[in-house]
Participant: 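If you scroll down you'll find the structure; I have some questions about it.
Scope of the values below: all heavy atoms of this structure, side chains included, with no hydrogens, waters or symmetry mates. Numbering of ligands and ligand atoms starts at 1, following listing order.
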Amino acid sequence: MIMRKNLLTAVIGTALTFGLSFSAYASTTLKLSHNNPRDHAVHKAMDHMAKEVRKLTDGEVRIRIYPDAQLGNQRESMELMQNGALDMVKSNAAELESFASAYSAFNIPYLFRDKEHFYKVQESTIGEDILASSRESGFIGVTYYDAGARSFYTDKPINTPEDLKGIKVRVQPSASAIGMVNSLGGNPTPLAYGELYTALQQGVVDAAENNIPSFSLSRHSEVSKYFSLDEHTMVPDVLLISTKSYDALSEEHQKALKLAAMSSMELMKELWAESESKERAKAEKLGVKFISVNKTAFVEAVQPMYNDIKKKNPELNVIIEKIKLVQ
Ligand code: GCU
């Protein structure tokens, strides 16, 4: 009897020790991949998020960030996330269009009236529904990050759509981006971001379009000397997590992740504004000319895209109409 009791105590003791040490040391590390450099505002915002998550979960959830497309370009990391080799990816609405069509709404030119309208849409149920819409593709969106407005850059000023005639313009793999460049008279050429510097340098493409920080930090400012501020789209960056990794988190940890992400999204608004002026000044020092553009002709040239959507894509049209109504 005594022996049995001792044995039982020993077994329970061991179980307790294991149990305790297990909960004290159990932590989940989520691997996050993205294709921007460390000095990009979005990397800094996500770094803040990783610290917040760790704090909010007492170190039980950690996020390890792999920048600079170390783990593959945007498309490759999306696929790695779908296969379970990566937990999280920072992508953007253009790349996401082929995984979840609702993201197209962010890629339609001249839909947002201004930055405030853009933020309000992201933070409304429309924005939340779009983040949730990719569940069937094996991941969901956690938050948006401001990525400014995108404009054309090449080796001459683009003042009107006429100036894009016959020009090869690199676009992201997004049907809307392709449609937009076609409507403006250019020749859209989809290409991975990492290949763009060489493509511009060697004349594989003549022009590209992006926001000012990405233009400068990816050193495209060395090879394209005119940045025309036509500001055709506001395409947000989007932080994603695989449904497998998300569903494996406790409810409490899921909440902590969302809170940390919201806090980093707010921080990003400030980081973005700072980064835009800093990177513009850097590019100007390299001899880049920033051209102010009268947008009227650009806005008119893309109107057929709206009529097309109305006729052929009623679901997207509903989202667009809802976005227009956001005040
Ligand atoms: C933005 C975004 C990148 C993306 C790039 C592109 O700069 O931050 O992640 O790859 O656009 O045009 O491909």
Participant: Distance to 0.1 Å, residue and atom name: give those for the protein heavy atom nearest to atom 3 (C) of ligand 1.
Facilitator: N35 OD1, 3.6 Å

Participant: Would you mind checking which non-hydrogen protein atom is closest to atom 7 (O) of ligand 1, with the distance to 0.1 Å?
Facilitator: S214 OG, 2.6 Å

Participant: Here's one to test your reading of the geometry: is the NZ or CZ of K269 within 45 degrees of the ring axis of Y119 and under 6.0 Å from its centre?
Facilitator: yes

Participant: Checking contacts here: is it the side chain or the backbone of N210 that comes within 4.0 Å of ligand 1, counting heavy atoms only? Could be both or neither.
Facilitator: side chain

Participant: Starting from atom 11 (O) of ligand 1, what is the nearest protein heavy atom, named by residue and atom, and what distance separates them?
Facilitator: R150 NH1, 3.0 Å

Participant: How far apart are the C-alpha atoms of H220 and Y193, what are their side-chain angles, what is the distance that settles it, and do they pass the ring-ring contact (aromatic ring centres under 6.0 Å, His included) test?
Facilitator: CA-CA 11 Å; H220 297 169; Y193 194 54; 5.5 Å; yes

Participant: Would you check if there is a donor-acceptor pair between the side chains of N36 and K90 at a distance under 3.5 Å?
Facilitator: yes

Participant: Can you tell me which portion of Q74 lies within the under-4.0 Å heavy-atom range of ligand 1? Options are side chain, backbone, both, or neither.
Facilitator: side chain

Participant: Would you please determine whether K90 falls within less than 4.0 Å of ligand 1 on a heavy-atom basis?
Facilitator: yes

Participant: Using a 4.0 Å cut-off to any heavy atom of N92, which atoms of ligand 1 qualify?
Facilitator: 11 (O)

Participant: Y153 vs F215 aromatic rings, parallel, tilted or perpendicular, using cut-offs 30° and 60°?
Facilitator: tilted

Participant: Taking only heavy atoms of D237 into account, list the atoms of ligand 1 that are under 4.0 Å away from them.
Facilitator: 2 (C), 8 (O)

Participant: Please check: side-chain N/O of N83 versus main-chain N/O of A85, any donor-acceptor pairing under 3.5 Å?
Facilitator: no

Participant: Going by the angle between their ring planes, with limits at 30° and 60°, are W272 and H40 parallel, tilted or perpendicular?
Facilitator: tilted

Participant: Between the side chain of Q303 and the main-chain N/O of V299, is any donor-acceptor distance below 3.5 Å?
Facilitator: yes

Participant: Could you check atom 13 (O) of ligand 1 against the protein and tell me its nearest heavy-atom contact, residue, atom and distance included?
Facilitator: R170 NH2, 3.0 Å

